[in-house]
Amino acid sequence: MQGIMPFLWFDTEAEEAAEFYTSVFDDARILDVRRYGEAGPRPPGSVMTVTFEVRGLQLTALNGGPDFRFNEAISLLVSCATQDEVDELWAKLSDGGAEGQCGWVRDRYGLWWQVVPDTLGDMLQDADAERAKRVMEAMLKMRKIETAELQRAYDGV
């Protein structure tokens with residue numbers, strides 16, 4: 001077990017959400033499903049937690065009730081090697097959710113993701129402040145990140 005594990009609170013959708021997330025990523029899998037017993041507080045036999053793994057990160061989804069909702073204060077960043085990967089993950093994660101700015105997308109369960117190309121961080125931290133500024137300005141105009149547009153901004157074209 002990893003030392004720190006994200007623990008995601010759902011009303012009743014923990015298993016459904018875990019199944020969705022493991023369908024979105026090729027290297028994902030459900031590791032464990034635990035059920036409520038006679039002690040409650042949910043009906044005996046109903047799903048309590050689902051532990052799953054996405055890109056080597058273990059997460060646990062809890063059916064805890066309607067008391068808490070996700071917001072942008074926490075998100076999961078997904079670093080993508082290609083534009084095709086950005087496009088695919090963006091399409092899957094935004095289906096039934098909502099597109100945000102600058103690579104942020106809210107999935108159908110309300111969880112926020114940042115879907116970004118690997119190269120973005122280096123471009124934004126370039127020693128040439130003008131290059132970095134052009135990339136930032138380009139990114140701020142985007143919803144889904146477009147690597148070709150970032151590269152044009154980076155090159156000053």
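L62 CG to F10 CZ: the interatomic distance, rounded to the nearest 0.5 Å, is 9.5 Å. To the nearest 0.5 Å, the span separating CE on M123 from CG on L150 amounts to 5.5 Å. Residue Q114 holds its CD atom at 4.0 Å from CH2 of W104, rounded to the nearest 0.5 Å. Considering CE of M136 and NZ of K141, their distance stands at 13.0 Å, rounded to 0.5 Å. Rounding to the nearest 0.5 angstrom, the gap separating the CG atom in D107 from the OG atom in S75 is 11.5 Å. For the atom pair OG1 (T119) and OH (Y154), the distance works out to 9.5 Å, reported to the nearest 0.5 Å.
Nearest heavy atoms, G110 versus F70: O-CB, 3.1 Å. Between F52 and I30, the shortest heavy-atom distance links the atoms CB-CA, 4.0 Å. Minimum heavy-atom separation, S79 to E85: O-OE2, 4.3 Å. Across all their heavy atoms, G65 and W9 have their closest contact at O-NE1, 2.8 Å. Taking all atoms of both residues into account, the shortest heavy-atom contact from C80 to V86 is CB-CG2, 3.5 Å. Y36 and P41 get closest at one heavy-atom pair: CE2-CD, 3.5 Å.
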Note to self: Using the rule given for side-chain contact (heavy atoms from CB on, under 4.5 Å), can you reason through R69 versus D11, listing the C-alpha separation, both sets of side-chain angles and the distance that settles it, and then say yes or no?
What the structure shows: CA-CA 9 Å; R69 297 280 175 223; D11 180 6; 4.3 Å; yes
Next item on the list: Could you give me the CA-CA distance, side-chain angles and deciding distance for L140 and C102, then say whether side-chain contact (heavy atoms from CB on, under 4.5 Å) is met?
Entry: CA-CA 6 Å; L140 289 173; C102 306; 3.7 Å; yes
Next item on the list: Could you please spell out the steps behind the side-chain contact (heavy atoms from CB on, under 4.5 Å) verdict for V33 and R35?
Entry: CA-CA 7 Å; V33 177; R35 300 190 178 278; 4.2 Å; yes
Next item on the list: Let me see the working for T60 and V50 under side-chain contact (heavy atoms from CB on, under 4.5 Å), right down to the final yes or no.
Entry: CA-CA 6 Å; T60 295; V50 180; over 6 Å; no
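Under the 4.5 Å side-chain heavy-atom criterion for ILVMFWY residues, no single connected hydrophobic cluster contains both L77 and L8. L59 and V47 end up in the same hydrophobic cluster when Ile, Leu, Val, Met, Phe, Trp and Tyr side chains are linked at under 4.5 Å. No path of Ile, Leu, Val, Met, Phe, Trp and Tyr side chains, each step under 4.5 Å between heavy atoms, connects V54 with V116, placing them in separate hydrophobic clusters. Cluster annotation: V105 and V78 are assigned to the same hydrophobic cluster (Ile/Leu/Val/Met/Phe/Trp/Tyr, side-chain heavy-atom contacts under 4.5 Å, transitive). Residues M5 and F68 are members of separate hydrophobic clusters, defined by side-chain heavy-atom contacts under 4.5 angstrom among Ile, Leu, Val, Met, Phe, Trp and Tyr.
Annotation for Q125: atom CD does not count as buried by contact number, only 12 or fewer foreign heavy atoms lying within 6.0 Å. Within a 6.0 Å sphere centred on CZ of R34, other residues, nucleotides and ligands contribute 12 heavy atoms or fewer. Around CD of E72, the count of heavy atoms belonging to other residues, nucleotides or ligands within 6.0 Å exceeds 12.
With salt bridges taken as basic N to acidic carboxylate O contacts below 4.0 Å, none links D95 and R106. Here R134 does not pair with D155 in a salt bridge; the nearest charged N to carboxylate O distance is not below 4.0 Å.
Side chain of Q83 to backbone of I145: a donor-acceptor contact under 3.5 angstrom is found. Remark: the backbone N or O of T49 is not paired with any side-chain donor or acceptor of N63 at under 3.5 angstrom. With S46 contributing its side chain and R42 its backbone, the two residues share no donor-acceptor pair below 3.5 Å.
Note that R108 lies in the cation-pi zone of F20, set by a 6.0 Å cut-off to the ring centre and a 45° limit from the axis.
Checked against ring pair (Phe, Tyr, Trp, His ring centres under 6.0 Å), W113 has the following partners two or more places apart in sequence or in another chain: Y21, F25. Residues that satisfy the side-chain contact (heavy atoms from CB on, under 4.5 Å) test with K92, not counting sequence neighbours, are V24, E88.
Residues K144 and E99 are not in side-chain contact: their nearest non-hydrogen atoms beyond the backbone lie 4.5 Å or more apart.
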